[in-house]
Each structure stands twice: as structure tokens, then as C-alpha cells.
Amino acid sequence: MIDKISPSLRQAVADLHDGASIMISGFGDAGAPHELMDAVIEHGATDLTIISNNAGAGETGIAALIKANRVRKVICSFPRQAASHHFDARYRAGQVELELVPQGNLAARIQAAGSGLGAIYTPTGYGTLLAEGKETREIDGRNYVLEYPIHADFALIKARAGDRWGNLVYRKVARNFGPIMAMAAKTTIAQVAEVVELGALDPEAVVTPGIFVNRLVQVAPLSVAAAA
Amino acid sequence: MIDKISPSLRQAVADLHDGASIMISGFGDAGAPHELMDAVIEHGATDLTIISNNAGAGETGIAALIKANRVRKVICSFPRQAASHHFDARYRAGQVELELVPQGNLAARIQAAGSGLGAIYTPTGYGTLLAEGKETREIDGRNYVLEYPIHADFALIKARAGDRWGNLVYRKVARNFGPIMAMAAKTTIAQVAEVVELGALDPEAVVTPGIFVNRLVQVAPLSVAAAA
Amino acid sequence: MQRMNREDMAARVARDIPEGAYVNLGIGLPTKVANFLPQEREIFLQSENGLLGMGPAPAEDDIDWELINAGKQPVTLLAGGSFFHHGDSFSMMRGGHIDICVLGAFQVSVNGDLANWHTGAADAIPAVGGAMDLAVGAKQVFVMMDLLTKGGESKLVAQCSYPLTGLSCVSRVYTDVAIFDVGPAGAHVIEMVPGLTIDQLRDMTGVDLQLALEIA
Amino acid sequence: MQRMNREDMAARVARDIPEGAYVNLGIGLPTKVANFLPQEREIFLQSENGLLGMGPAPAEDDIDWELINAGKQPVTLLAGGSFFHHGDSFSMMRGGHIDICVLGAFQVSVNGDLANWHTGAADAIPAVGGAMDLAVGAKQVFVMMDLLTKGGESKLVAQCSYPLTGLSCVSRVYTDVAIFDVGPAGAHVIEMVPGLTIDQLRDMTGVDLQLALEIA
């Protein structure tokens, strides 16, 4: 019998390794897998590349990873935030590398990885600093930049509910990067607020089929309340 | 008030024009919008380019369009079927042009159109007849073929239920090409078995958001039974 | 000359959004446009973090931090709204499915180049978010900004000096004193606040301006 | 020498599919493999027309023509199964998420090239379906075929003469008389039916064959 449910956060992230690339879902706090990130800190893996929309804020999550000096590089669209002081300090000190990617290109490159494309021509960023040095091409009168897929060793995502096969559904805009990151990582680990029986999720409404999920771990649905 | 519900099949397809490119959903009969295709025949538009997985079978749907000599070109993955005699005859007579596309490249090229990419590098078809004359590139030790988006003037698709804003849900494997074609056509017309009140569809389970749908028309859900 | 305040500007932009339009309102000033959309028009607001059919801010008790807009403010979902992932969300944008996007700007050039993500300051930490995707994807990009900086320099320019967000992507610029169409044919003034003349506007901006036919 | 019949071949392939594998079974002979998957193993069958967690054929009364496999035969969905669109379905394939794909073939070369979509006949109407995507996408591609054509020619070849479906994509070939690993190191025989010798097999195929270490 296949049971992808991990008994603990600790076991869920046990095979992380130094130097790993890790996708982390979330847009602001919505969809951010805080408990999994806490487990990463406890695990101790370092020299990480973090792929996420933001570079952390406040004292938790990606910010805590950066503060603990575990992060070598951040690939994101929006590092600068009101409380991104941990990123800001490490970045200015040259201790964290930044690859800035327009948000839609970040999504498209993650999708390209998940769907096995070798590269894509995207119009976003053409003629800007963020396309400097990149190959471009005019296609049907419009200009495009050649962008490559972003793969990762791990994806840490947050979903509302899941079953032992790894099927997931999300909650409102906490969905954001979860489904596409699940497809792009070698190992996808989801924290869910609820584990349900096989068959309890409507097969028409499953957002992430279990094929894209390696492990689930249940955490109490506190993070939203805590964020509020 | 925005109401995308058309009062009749006839009105739903009234703005078709000669020379139009039309995406048609369906994998076999599942998801094939037969009533909309009947309306196209009644409408009279000709010189059409049909983009679909198959090239029709039996005497209805795409086969009927081909029989009525309305089709100039078919872009599909699998024209040859047990009862594809209308396509076969016209193709052998040189009266219908065929662009054969591997099924996954067909999907990916339709998705590229819907999401505004200029081109994609796909591994499928590399080194085969279907990539002859196409640009290729080695990326990270793997070989890819450059493929361009497939756009269309119209998409005719079939869904289970929809609302006046155009939100759609599908039924089982009748989903197939519907959601991605809806995104890739200038005008998307959906036949639905049921029109529901705004808000009746679970916002977490909407498969095609209304932004991708221009018109809906309700048809009695007979086609599945008829196919059986 | 009576400059428009931010509410007036938002109301003015709202007037130009037709029923049935799919609209993305950028962070900051553009977000205010939502407050002025006429009740009798159905207009679909998209937020790039994954919702379509965005409604007004919730009551304090109904705040849900998993129902926020791109500016991370709590919002609501209208009946008929839907949620989707970031891939689909930016396909809506990049694929040309959004009719109108309203953005703020540091500078817009007369041919429609947009600079709104980076001041170019050497020590600035760059952050782009969805700005470049919004600029390049929407069928029409409207910009809302004061015409002049606090230092009195025109933000409508012959050529942007700040790093670009997108090339030739803006179609209309709403400012506190005038509205301009911009693009390949240059900048055309389509409205001015009472008491302002085209010559004064030329002096303020220092760029080549035509009066649009409608008001010439 | 006792040739395996089609059921034996399907059962033999089924033995090699481990618990938890995500598997796509091609149209025709490979579809039979489903009937021999051990009940005690949970194995996930994907069908490229949009379902994962495919179950056995339904009772006559339960046939639903909107619940079919890629061969257009009625199937069922297991508890825990799901539906998705063609884009996601082929992303599963092309993105390397399918562990094993089992396909039929006209020819397989010793280095793993596959020809299974086109006979090359001048008057044939070409049809490819998902064959090329399956060939290139799955982590492992298994081929099931009789070793010889009706005319007695080997379908395991030094080089395919039929138009290719994919290059160097097949890892294992199950035939009615032997099983081969194929790839960059050439063809290795890993099993033969009782009574068959490697020399006879070399005669039948005319290609360079090694005995795999396990049976050498």
C-alpha cells in the first residue's frame, strides 16, 4: 500500500542535503509552508538555493533561513519588502546571491521545468535590465527573450487537504505557486491542514494529482490565524 | 450585466467566417462539441482550418464538416481511425491538407498560444520525420525541437456546466483539450449541459475561469448517450 | 489650474473602464480605481496572485489572510469568481486575456515605454514582482501618476532615464493635470484640467505634445 | 522452444512493475498488462486523455463514454484517481513524471531507437497520436512485441528501417521468446524461454547480442 503521509515534519524533510535547491510556495504569507521551513532550519541543511516569489519577511520562514545563514542564493521576483531586513542585510554584505526574475517568467520557467520543455521564448522583460545578455528573437513581429527552466531538488508547499496518494487541494489564494512547484521539483513535500481518506477528494476538483507529490505531512492549520 | 449565454446554437456561431481557424475539443467522442459542429455546418462557413486531436470519424462532427467540403486543412495528431473515411478520401484526393503534430506537442503549442509564449523547445519528435526541417537545439545534453504556438480564431468546446460569466467545469475525460483551447482562441464558444447561477460553481473547482470564454450555449446532454 | 487629487484621478480612470472588461489594478494608487467603478457595470478584477472576480475589502471580522490581493491587502471574492495557480494567472496576463492593466510609474515616454520598477539607484535592492509581465501582457496599459515629481520634473518624457519595465507598452497616461495617449505616434493630449493650456503643458513636460483631434 | 503467448507476455511485464509506479500502458497489447498487475501492489495507471488512477473495465451497465482510456475503451476510476486536461497530462509525460511506459513497436534497435508509428508505406495516412511524447517522456520505456514479423524478420534490429518515433528511448524489450535490455551498451539478453539458446537468438535476430551478467 502506498502511503505518502509522513509521521512528522522532521521525517518529511529528512533527506534534504547541503547545497539543495528548494522551491517554496507562497505569496506573502498565503501559501507559505512555515512549519516545513521551521523543519528545514531544525534539519540544518545549508548552502541552499531558495526559489520563491519573495525573499522572506520578519523573523520566520525564508527570513529565518537567511538569518541562520543557510541560504547561498535566492531566485525570486520581489525580495524587497517592508520587513525583508534579513535578506537586505545579507544581500548588501554580499553573503546572499540574488537572481531577480519577473514573476510571470518565474512561473513560466517553473512550468517549463515541470513539463519537460528545454526553453521558452517569453515577451516579458524584453529590452530591460533583466534580459541583459540573454538571447532574444523576433517572432511574428514581436520580441521575445529566451528563458530556461528552473528545476529544484525539493519543493516545499502548503495545501488545504491531501490523501495518502498525494492528491492535493488548496485554499483560496494560498494556491499560488504550489501546483506548479509540485511539478518542477524532484521531491515535493506538502504540508496539509487535513489528511483525508482516499476518494474523499472530488476527482474533478483535485488540483495537484498525487503523481507530483512525494510526501505529505499534516500540520494544524494555525499559520493563517497566526499571520492575522 | 454581463451574460455570455447565447439563446441558440445558431447565434452562438453567427460570427464564424470563411477561412477561420477553429479549435475543436474532444478525444474520440468524449468532449466533442457535436451540436456546435452541427451549427457550423448549418452556418455554412467554409475554407476552415480545423485544429483537433482527430480528423473525424463516422458521419458527424469533423467528419461531417470534411464531407461537406468545408475544411481546407486539419492540424491534428491522429487522423487515421476505423471510420475516418471522409478524411481519408479527401486527404488522398489532395483536397484536405494535413499538419500532423504529436499529441503532446499539439497540447503544448496550444498552451504556448494561450499563455503568450513566442515558441518552445520540446523534446518530442526530435530526430523523427515530424521534426524534419525544424530548428533544433541541444540544451543541457538533451535535444529539442523548436515549435511555435498554435492560435485559432475560434474554439468550440464542450463542458458540463457553466455560468453567465463563462466559468466552466467539465465531466471526466471529456475535459481533455477544452481548457487549453479555451485559452488559445480569440473567441471561445462552449456548449454546456447545464447553465447554473452565478456562484453555484465552487471557486476552488472552476477549471476554466470565465475570462477564457466568450459565449456559452446550453444543449441537452444527449451526445454521450448517443455515442454509446 | 485645479490639479486633480488621487481620488479624482481614480474616478477618472474608472470612467474609462467599460462593462465586461477584465482588469488588473496595480499596487498603490491604481488600487483606488476599484472604489470608483460604477455599480451598474460588471467589471472583472483580476489579481495576479490567483483570483478573478475580486470584490471589495472585507469587514474587519471577515478578514482572511488567504484571500488577499497582490498588494497583500485583504479582499473578497464575488459570486462567480475563481481561484487558480500562478501559472494560469500569468498566462491570463501574458496571453493577452486581460483587457486593461492600470499601473503606477516613475516615467513614461511619449512612445509608451514604461519605467516603474527600479530607480536605478546604485544601492537599491531591485524588486520587480509582476510589473514586467503586467506591462507586456495586457491589451491596454493605463498609467496613473502625478505629471511632475516633487522636484518639478516631468514624468512624461521623451525617453526614460530610469531602467525600463517594458517597451512601447503604455497606451494612456492619467495624470493630475492632463490625460495623454502615448504610442508610436507620440503623445496626444486628450484632456486637461480647467485653466491649463497646451502651451503650459508643453512647458511643464518639455516634450513634443499634440492635441488630440477630439479637443483640438 | 515454447513461445510465450500474449497473456504470458503481459504477465511477464506486469511482474517488473513495482509498487507505487506511475505507468502508462500503450494501446493494444500493452493494455493487457493491466490485467496481470498483482492485486497486492498499488500501481498508478495514467491514461494520456486525462486520468490518473485508472481502474478495470466497467460492467456493461456502468459504461460511461466520458470515462475511456486512450484506446477509447470504457474504464473506471479508482478512489484516489483524478481528471486533468491535456496540457497537464502531457506535462506528466514530457516532464518525466511517468515511471514506466509500455508500448508496442514495429522495430526497436539495439541502442534503443523506437519505430512504432508509421510503416513508411507511401500511401499510408500518417497518424502519430501520443506515441512520440510517450517515447521521449517516460523515465523507462518498455516495448512489448513478437520478436519476429509474420514474414520471419527480426523486429529487434541493428538500425530501424521504419520511420523513428524516438531516439535511444527504449530501455527494455519484452518479446515472445526473450527479454532484452537495450541502450548505449547495445542489446543484452536477460531472459530466454526454455529451450532457446543465445546462438539461436543471434541467428533469429541477426544482431549483436550479449548475455546479461545475471544469466551469463
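Sequence lines set the chain letters: A, B, ... in the order given, protein chains first and strands last, and positions in each chain run from 1.
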Exercise. Who wins among I211(B), N167(B), V206(B), L198(B) for the most heavy-atom pairs under 4.5 Å with chain C?
Worked result: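 Sorted descending by pairs with chain C, the first entry is I211(B).
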Problem set entry | Which of Q111(B), E197(B), E204(B), K4(B) touches chain C most, by non-hydrogen pairs under 4.5 Å |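 Option with the top pair count is E204(B).
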Exercise. What part of I43(C) lies closer than 4.5 angstrom to a heavy atom of chain B: side chain, backbone, both or neither?
Worked result: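 No part of it gets close to chain B.
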For this session: Quick one: closest heavy-atom pair of H43(B) and A14(B), and the distance?
Result: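 Scanning both residues, the minimum pair turns out to be NE2-O, 3.3 Å.
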For this session: List the atom of I5(B), the atom of R164(B), and the distance in Å for their closest heavy-atom pair.
Result: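 Nearest heavy atoms, I5(B) then R164(B): CD1-CA, 3.9 Å.
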For this session: Sort out for me which of G137(C), G81(C), G80(C) touches chain B most, counting heavy-atom pairs under 4.5 Å.
Result: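 When all of G137(C), G81(C), G80(C) are compared, G80(C) has the most.
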Exercise. Taking NZ, NE, NH1 and NH2 as the nitrogens, is one of them in K186(B) or D15(B) under 4.0 Å from a carboxylate oxygen of the other?
Worked result: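 Looking at D15(B) together with K186(B), the answer is no, because their closest N to O distance does not fall below 4.0 Å.
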For this session: Verify the ring-centre separation between F212(B) and H97(C): is it less than 6.0 angstrom?
Result: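 Yes: the rings meet the under 6.0 Å criterion.
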For this session: With a 4.5 angstrom heavy-atom cut-off, could you sort out which part of L201(B) is near chain C: side chain, backbone, both or neither?
Result: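 L201(B) has no heavy atom closer than 4.5 Å to chain C.
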Exercise. Will you find, in the side chains of T124(B) and Q103(B), an N or O donor that is under 3.5 Å from an N or O acceptor?
Worked result: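 No pair is found: no donor N or O on one side chain lies under 3.5 Å from an acceptor on the other.
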